[in-house]
Amino acid sequence: MFWIFGGTENERKRDLYERLYSKLENLYEKMGEKIRVTSNNVDNYSSSMISLDSFSIPEDEFESSQKSVRNQVMVIEQNQISDFNKIPNAIFSARQRYEYYSRLVEEERRQREEEERSRREEFENSVRKFFG
């Protein structure tokens with residue numbers, strides 16, 4: 001069956017999975033860079049923390065909120081890394097589906113060509129019989 005914009009359903013699916021595969025690869029690269037930058041920023045922030053002992057500010061008031069924020073940042077960072085680590089499987093799956101639909105499209109093309117060749121031979125044989 002041909003779709004409105006041309007091509008079969010398998011061609012449409014092949015093209016969709018090809019775009020998905022490409023988008024996932026781009027996402028993986030961008031997300032990897034963002035995670036590296038975020039991780040560096042968190043490390044830089046953590047290493048630049050000053051001890052409040054040297055000042056006359058009561059450390060107890062800030063320590064609990066600082067720990068809370070640090071824990072929240074760590075949870076977010078771990079979730080991002082977890083999501084990032086899932087992307088290669090999604091890329092692999094999208095690539096497999098793209099290859100599957102590519103094979104189906106190629107098979108459909110061969111079948112159409114074979115049907116066309118068969119019709120052409122049948123027509124030529126009919127013409128020969130008719131004209132003797």
Side-chain angles (χ1 to χ4, degrees):
M1 165 189 292
F2 281 91
W3 290 90
I4 296 172
F5 299 110
T8 64
E9 181 176 354
N10 287 332
E11 288 172 323
R12 183 182 65 81
K13 288 181 180 180
R14 176 201 59 196
D15 295 344
L16 286 173
Y17 279 108
E18 183 179 29
R19 284 194 301 274
L20 176 62
Y21 169 76
S22 178
K23 286 180 180 181
L24 285 170
E25 281 188 324
N26 291 335
L27 173 68
Y28 187 70
E29 290 175 21
K30 290 177 183 177
M31 193 170 179
E33 181 59 29
K34 287 182 179 182
I35 287 174
R36 281 188 289 282
V37 167
T38 302
S39 182
N40 286 339
N41 289 342
V42 169
D43 291 345
N44 289 340
Y45 174 78
S46 296
S47 65
S48 67
M49 291 298 294
I50 58 171
S51 174
L52 296 176
D53 300 350
S54 59
F55 297 102
S56 60
I57 301 172
E59 188 175 351
D60 295 349
E61 294 179 26
F62 296 102
E63 190 174 323
S64 64
S65 61
Q66 183 185 19
K67 284 181 182 179
S68 174
V69 169
R70 189 179 306 138
N71 287 338
Q72 289 174 2
V73 168
M74 287 176 55
V75 166
I76 291 170
E77 188 176 25
Q78 288 170 353
N79 288 340
Q80 286 179 338
I81 290 170
S82 175
D83 291 344
F84 177 74
N85 290 333
K86 293 175 185 175
I87 296 174
N89 288 335
I91 291 171
F92 180 75
S93 295
R95 181 70 181 177
Q96 282 187 317
R97 297 308 293 173
Y98 164 73
E99 291 172 355
Y100 170 76
Y101 283 109
S102 291
R103 286 190 300 272
L104 287 180
V105 165
E106 182 61 25
E107 186 178 313
E108 287 175 345
R109 185 192 60 79
R110 280 192 222 119
Q111 285 177 344
R112 284 192 307 267
E113 288 175 355
E114 180 61 32
E115 289 172 1
E116 179 62 30
R117 188 177 56 75
S118 178
R119 281 193 297 267
R120 191 173 40 247
E121 287 176 359
E122 188 177 306
F123 176 75
E124 288 171 357
N125 288 338
S126 298
V127 169
R128 281 189 206 113
K129 285 181 183 178
F130 182 75
F131 290 110

Charged N to carboxylate O below 4.0 Å: is that the case for E99 and R95?
yes

With the threshold set at 4.0 Å, does a side-chain nitrogen-carboxylate oxygen contact exist between R110 and E114?
no

Linked hydrophobic residues, V37 as query - side chain contacts closer than 4.5 Å
none

Output the distance between atom [atom1] ([X]) and atom [atom2] ([Y]), rounded to the nearest 0.5 Å.
X: L16; Y: R14; atom1: CG; atom2: CZ; result: 10.5 Å
X: I81; Y: M31; atom1: CD1; atom2: CE; result: 9.0 Å
X: D15; Y: L20; atom1: CG; atom2: CG; result: 12.5 Å
X: L104; Y: E9; atom1: CG; atom2: CD; result: 10.5 Å
X: E106; Y: Q111; atom1: CD; atom2: CD; result: 11.0 Å
X: Q80; Y: S39; atom1: CD; atom2: OG; result: 10.0 Å

Nearest non-hydrogen partners of I91 and L24, listed with the distance:
CG1-CB, 3.5 Å

Heavy-atom nearest pair, R112 first then E11, reads NH2-OE2, 4.5 Å

[X] side chain to [Y] backbone, donor-acceptor under 3.5 Å:
X: S22; Y: E18; answer: no
X: T38; Y: K34; answer: yes
X: S126; Y: E122; answer: yes

Sorted by chain and number, sequence neighbours left out, salt bridge (Lys or Arg N to Asp or Glu O under 4.0 Å) with E113 holds for R109

Residue pairs, two or more places apart or on separate chains, that pass salt bridge (charged side-chain N to carboxylate O under 4.0 Å, His left out) and touch residues 19-28
none

Restricting to pairs with a member in residues 63-105, which pass ring-ring contact (aromatic ring centres under 6.0 Å, His included), not counting sequence neighbours?
Y17-Y101, Y28-F84

I'd like to know whether E121 forms a salt bridge (Lys or Arg N to Asp or Glu O under 4.0 Å) with R117, so could you lay out the CA-CA distance, the side-chain angles of the two residues, the decisive distance to 0.1 Å, and finally the verdict.
CA-CA 6 Å; E121 287 176 359; R117 188 177 56 75; 2.9 Å; yes

For K67, side-chain hydrogen bond (donor to acceptor under 3.5 Å, both in side chains) partners two or more places apart:
E63

Sorted by chain and residue number, the side chain to side chain contact (heavy atoms under 4.5 Å, CB included) partners of R36 (sequence neighbours excluded) come out as E33

Under 3.5 Å, is there a donor-acceptor pair between the T8 and E108 side chains?
yes

Go through it in stages, so that I can follow the logic: the residues are K86 and D83, the test is side-chain contact (heavy atoms from CB on, under 4.5 Å), and I'd like the CA-CA distance, side-chain angles, deciding distance and then a yes or no.
CA-CA 5 Å; K86 293 175 185 175; D83 291 344; 4.3 Å; yes

